[in-house]
Participant: 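Got a structure here, written out as C-alpha cells. Questions coming.
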There are 2 protein chains.
Amino acid sequence: MSNPIFKLNGRIWIETGDEKILGHGRVELLERIQASGSIRQAALQMKMSYKQAWDLVNHMNEHFGQPLVISHRGGKGGGNAVVTEHGLKVIGEFHLLHQKFQEFLTANSINLPL
Amino acid sequence: MSNPIFKLNGRIWIETGDEKILGHGRVELLERIQASGSIRQAALQMKMSYKQAWDLVNHMNEHFGQPLVISHRGGKGGGNAVVTEHGLKVIGEFHLLHQKFQEFLTANSINLPL
DNA sequence: TTGCGTTATATTTTATTTTATACAACGAAA
DNA sequence: TTTCGTTGTATAAAATAAAATATAACGCAA
C-alpha cells in the first residue's frame, strides 16, 4: 500500500425518531417504481427481491405523513404501482440535500502527511 | 404515524480506492486503544469481539501509509498496544471533518408539507 | 523456569440477514 | 369464466456476518 489516495465519502438519510426512512437506495427505488409503474420491475432492475422492495415501500408509506406509493393488484398487466405527488416532492427534496452533501464532500478532504 | 418529525442524519468515512478504511467506529476504537493501552480492553469496552477489533486495527495499519497502532505481545501485563503519532494525527483530522459534517447536518433539513 | 495476560490466528458455532419459493387475492380483458 | 402478471403474505432455504472457542507465541517478573 504505497502512495494511498484518501477520499472522503459518506451517506445521508432521513429519520423519524431513530428510524431510517429514506436514503439514496429508497429514492432510487421510488424513481424506478415511477418509471416502470411496477414494484416488481423496480426490484428486478435493482437486483433486490420483491419482498425487500415491498417492505421498503411499505415502511416508507407507514412513516411518512402520507403514502409515497399507491399500488393496485389485478387488472390490466396484473397490477401496478404509482408514486404519489407527495412521493415526487420527497424525491425532489432528497435530491436537493444530496447535491448539497456532494458539494460538502468535494469541498472537504483529509490532510495527512505521507 | 401522525405529525412525524423528519431529521437529516448521516455518516462520513475515509476511503482508499473503494475500501472504507476509517469511520467513526474505528476512530473510537483507536481512542480506546490509546486510553487503555490494549486492543482487548478497547474491544471489551465497545462490546465487540477481540477478533473484530484486531481485524479493524490490522486493516487500518495495512491501508494507511504508516501504522496507526503498534502492538507487542508478552512482557509486563501480557502485552500492549499504542497509537502512533500518525494515528493521533489521523484521529484529529477525522474529528475536524466530523465536526464540519455535524454543522452541515444541523444547517440542512427537509422541507415537506404535512 | 513458571505463571500471567495479551497478541495473533484458526476453527467452529451461533445468530442474523437475505434470498428463494410458494401461493392466495385481485381485476381487467379476452 | 379463464387467463394473465402483479400485489401481498408466509414460510423455507441459503448466504453472510458475528460471536464463541481454542491455542500458540510472546516476554517480563516472581
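Throughout, a chain's letter reflects where its sequence line sits, starting with A, and its residues are numbered from 1. Remember, predicted model here, so these are calculated numbers, not experimental data.
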Participant: Taking the side chain of A:W54 as heavy atoms from C-beta outward, which of D:dG8, C:dA8, C:dA28 is closest to it?
Facilitator: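 Nucleotide nearest to A:W54's side chain: D:dG8.
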Participant: Whole angstrom is fine here: how far is it from CZ in A:R73 over to P in C:dC23?
Facilitator: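 So the CZ-P distance, A:R73 to C:dC23, works out to 17 Å.
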Participant: Tell me whether the side-chain N/O atoms of B:S38 come closer than 4.0 Å to OP1 or OP2 in C:dT7.
Facilitator: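 Answer yes for this pair, as a side-chain N or O of B:S38 is under 4.0 Å from OP1 or OP2.
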Participant: Please report, rounded to the nearest Å, how far the C1' atom of C:dA8 is from the CG atom of B:L56.
Facilitator: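 Rounding to the nearest Å, CG of B:L56 and C1' of C:dA8 are 15 Å apart.
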Participant: In whole angstrom, what separates A:Y50's OH from C:dT18's P?
Facilitator: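 Interatomic distance, OH of A:Y50 to P of C:dT18: 18 Å.
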Participant: Would you call A:K89 and A:E85 a salt bridge, using N to O less than 4.0 angstrom?
Facilitator: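 So A:K89 does not pair with A:E85 through a salt bridge.
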Participant: What I want to check is whether the side chains of A:E93 and A:H98 have a donor and an acceptor closer together than 3.5 Å.
Facilitator: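 There is no such pair between these side chains.
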Participant: A:S49 side chain: which of C:dA8, D:dT7, C:dT19 is closest?
Facilitator: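 Shortest atom-to-atom distance from the side chain points to C:dT19.
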Participant: Report the distance from atom CD of B:Q52 to atom P of C:dT11, rounded to the nearest whole Å.
Facilitator: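 Spelled out: CD on B:Q52 to P on C:dT11 is 20 Å.
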Participant: Round to the nearest Å and state the distance from B:K76 atom NZ to C:dG5 atom C1'.
Facilitator: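 Rounded to the whole Å, the gap is 13 Å.
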Participant: Which whole-number value in Å describes the distance from A:I70 CD1 to D:dG8 C1'?
Facilitator: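 Rounded to the whole Å, the gap is 16 Å.
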Participant: Could you say whether A:G77 or B:D55 is positioned toward the 5' end of DNA chain C, judged by the nucleotide with the nearest heavy atom to each?
Facilitator: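 By nearest-heavy-atom nucleotide position, the 5'-most residue is B:D55.
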Participant: For the pair made of CG in A:L44 and C1' in D:dT7, what is the distance, rounded to whole Å?
Facilitator: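 Roughly 14 Å, once rounded to whole Å.
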Participant: Measure from CZ on A:R40 to C1' on C:dA22 and round the result to the nearest Å.
Facilitator: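 So the CZ-C1' distance, A:R40 to C:dA22, works out to 12 Å.
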Participant: How many angstroms lie between atom CE of B:M46 and atom CZ of B:R32, to the nearest 0.5 angstrom?
Facilitator: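 Reported value, rounded in 0.5 Å steps: 6.5 Å.
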Participant: Please determine if a side-chain N or O atom of B:S71 lies less than 4.0 Å away from the OP1 or OP2 oxygen of C:dT6.
Facilitator: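 No, no such contact exists.
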Participant: A:H24 and A:E28: side-chain donor and acceptor closer than 3.5 Å?
Facilitator: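 No, because no side-chain N or O of A:H24 sits under 3.5 Å from a partner of the opposite role on A:E28.
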Participant: When rounded to the nearest 0.5 angstrom, what is the spacing between CD1 in A:I21 and CE in A:M60?
Facilitator: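 Going from CD1 on A:I21 over to CE on A:M60, the span is 9.5 Å.
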Participant: Quick one: on DNA chain C, does B:H72 or B:K51 contact a more 5' nucleotide (nearest heavy atom)?
Facilitator: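 With B:H72 and B:K51 compared, the 5'-side residue is B:H72.
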